Asks: 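Sharing a structure, written as structure tokens. Questions coming.
Labels below follow one simple rule: chain letters A, B, ... track the order of the sequence lines, proteins then strands, and each chain is numbered from 1. What you are looking at is a predicted structure, and each value in this text was computed from that prediction instead of being measured.
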Protein chains: 2
Amino acid sequence: MASVTDATWTALADPRRRAMLDVLRVRACAVGELVDELGFTQPATSKHLRVLRDAGLVRVRTHAQQRIYSVDLERMAELDAWLAPFRRLWNERLDELGRHLDRTAAAERGDDGDGGGRGDGDGAAKRTRGG
Amino acid sequence: MASVTDATWTALADPRRRAMLDVLRVRACAVGELVDELGFTQPATSKHLRVLRDAGLVRVRTHAQQRIYSVDLERMAELDAWLAPFRRLWNERLDELGRHLDRTAAAERGDDGDGGGRGDGDGAAKRTRGG
DNA sequence: GTCTTATATTCCTTGACAGGTATATACGCG
DNA sequence: CGCGTATATACCTGTCAAGGAATATAAGAC
């Protein structure tokens with residue numbers, strides 16, 4: 001099982017390819033639609049799609065003369081798996097900060113108790129350090 | 001606010017740099033420790049660290065003659081934020097699959113009910129399609 | 001078959017990046 | 001100050017990826 005290869009990351013290193021993935025995430029597209037939407041030339045679009053395909057980040061299906069591209073979520077999940085340990089650390093840090101803030105607020109009010117939990121995995125992106 | 005720039009992804013595209021991040025995730029390291037642990041030459045190590053630093057993926061702090069590098073979790077969280085919409089789709093797909101399996105199993109047993117929810121953000125990596 | 005649409009690939013040139021060696025800087029010691 | 005350790009940078013070279021233009025393939029219409 002290929003797992004996340006070098007090609008996967010290399011493919012994501014290019015901003016145009018990330019833009020293509022952002023479009024494809026919303027809906028599957030033919031090559032021509034991507035050309036229209038993003039304004040790259042047709043050969044460039046095809047070449048980038050080739051890279052994404054080799055990286056396992058998109059799938060292609062044929063419909064008449066069109067090739068319909070869509071995101072391969074499984075590979076994305078593997079990427080996510082690499083990132084997960086870091087996210088865990090990040091969430092731990094948020095929890096610490098949260099507990100500290102809660103305690104501080106409680107101390108100021110003169111009571112104690114645990115303010116809302118911060119246990120959601122997705123929340124890492126939502127709660128930003130107050131700066 | 002820089003957010004996730006090109007440099008961030010480009011930095012991650014190199015397997016050596018990802019290896020360095022994996023080491024630094026566990027504990028902060030001096031350059032020499034990374035050299036010993038990963039076996040790259042000292043200049044190469046410094047250059048890769050420079051790239052990671054410019055990308056905002058690591059921080060450095062000085063301790064005597066040593067430079068102690070550690071992961072910058074905030075930038076990692078931003079990366080995670082880019083990935084989040086894809087993760088959401090992936091989880092939805094798992095939910096669908098899970099509901100389908102639950103329904104199928106229930107139908108076979110002749111009862112009904114909702115098998116455990118799959119609402120945790122982190123779980124994407126844990127539940128793999130039954131292949 | 002020929003023509004048209006949709007997409008992929010080739011060729012060429014250019015620019016970015018990696019590794020290696022040598023060297024420069026920073027810090028601490030005496 | 002000179003010396004040693006720890007790290008960063010400069011220079012050179014080979015490799016690889018990207019863009020553009022032209023061209024090749026594939027599928028449908030007639």
Asks: Hey, are Arg75(B) and Glu78(B) close enough for a salt bridge, meaning a charged N less than 4.0 Å from a carboxylate O?
Replies: yes

Asks: Bend angle of the helix from dG1(C)-dC30(D) to dG30(C)-dC1(D) from five-pair axes at both ends, rounded to 10°?
Replies: 20°

Asks: Write down the distance between CZ (Arg53(A)) and P (dA8(C)), rounded to a whole number of angstrom.
Replies: 9 Å

Asks: Should the pair Trp9(B) and Trp9(A) be assigned to parallel (<30°), tilted (30 to 60°) or perpendicular (>60°) ring geometry?
Replies: tilted

Asks: I'd like to check Gln66(A) versus Val31(A) (side-chain heavy atoms, cut-off strictly below 4.5 Å). Are they in contact?
Replies: no

Asks: Which is true for Thr62(A) with a 4.0 Å heavy-atom rule: it touches a base, it touches only sugar-phosphate, or it touches nothing?
Replies: nothing

Asks: NE2 of His48(B) versus P of dA18(C): gap in Å, rounded?
Replies: 6 Å

Asks: Would you call Arg17(A)-Asp22(A) a salt bridge at under 4.0 Å N-O?
Replies: no

Asks: Any residue in residues 15-27 of chain A with a heavy atom nearer than 4.0 angstrom to DNA chain D? Just list them by number, or reply none.
Replies: Arg16(A), Arg17(A)

Asks: Indicate yes or no: at least one non-hydrogen side-chain atom of Ile68(A) is less than 4.5 angstrom from one of Arg59(A).
Replies: no

Asks: Do the side chain of Glu96(A) and the main chain of Arg93(A) share a donor and acceptor less than 3.5 angstrom apart?
Replies: no

Asks: Report yes if the side chains of Val71(A) and Leu21(A) come closer than 4.5 Å at any heavy-atom pair, otherwise no.
Replies: yes

Asks: Quick one: Asp54(B) CG to dA18(C) P, roughly how many Å, whole number?
Replies: 12 Å

Asks: Within the structure provided, determine whether Leu49(A) and Leu34(A) are in side-chain contact (heavy-atom separation under 4.5 Å).
Replies: yes

Asks: From CG of Asp14(A) over to C1' of dC16(D), roughly how many Å is that when rounded to an integer?
Replies: 14 Å

Asks: Below 4.5 Å, heavy atoms only, C-beta onward: do Arg25(A) and Phe86(B) meet side chain to side chain?
Replies: yes

Asks: Does Arg53(B) CZ have over 12 foreign heavy atoms under 6.0 Å away?
Replies: no

Asks: At under 4.0 Å between heavy atoms, which parts of nucleotides 3-13 of chain D does protein reach? Answer with one letter per nucleotide, 5' to 3': B base, S sugar-phosphate only, - none.
Replies: -BBSBBBB---

Asks: To the nearest Å, how far apart are Asp6(A) CG and dA17(D) P?
Replies: 10 Å

Asks: Using a strict threshold of under 4.0 Å (side-chain N to carboxylate O), is an ion pair present between Asp54(B) and Arg50(B)?
Replies: yes

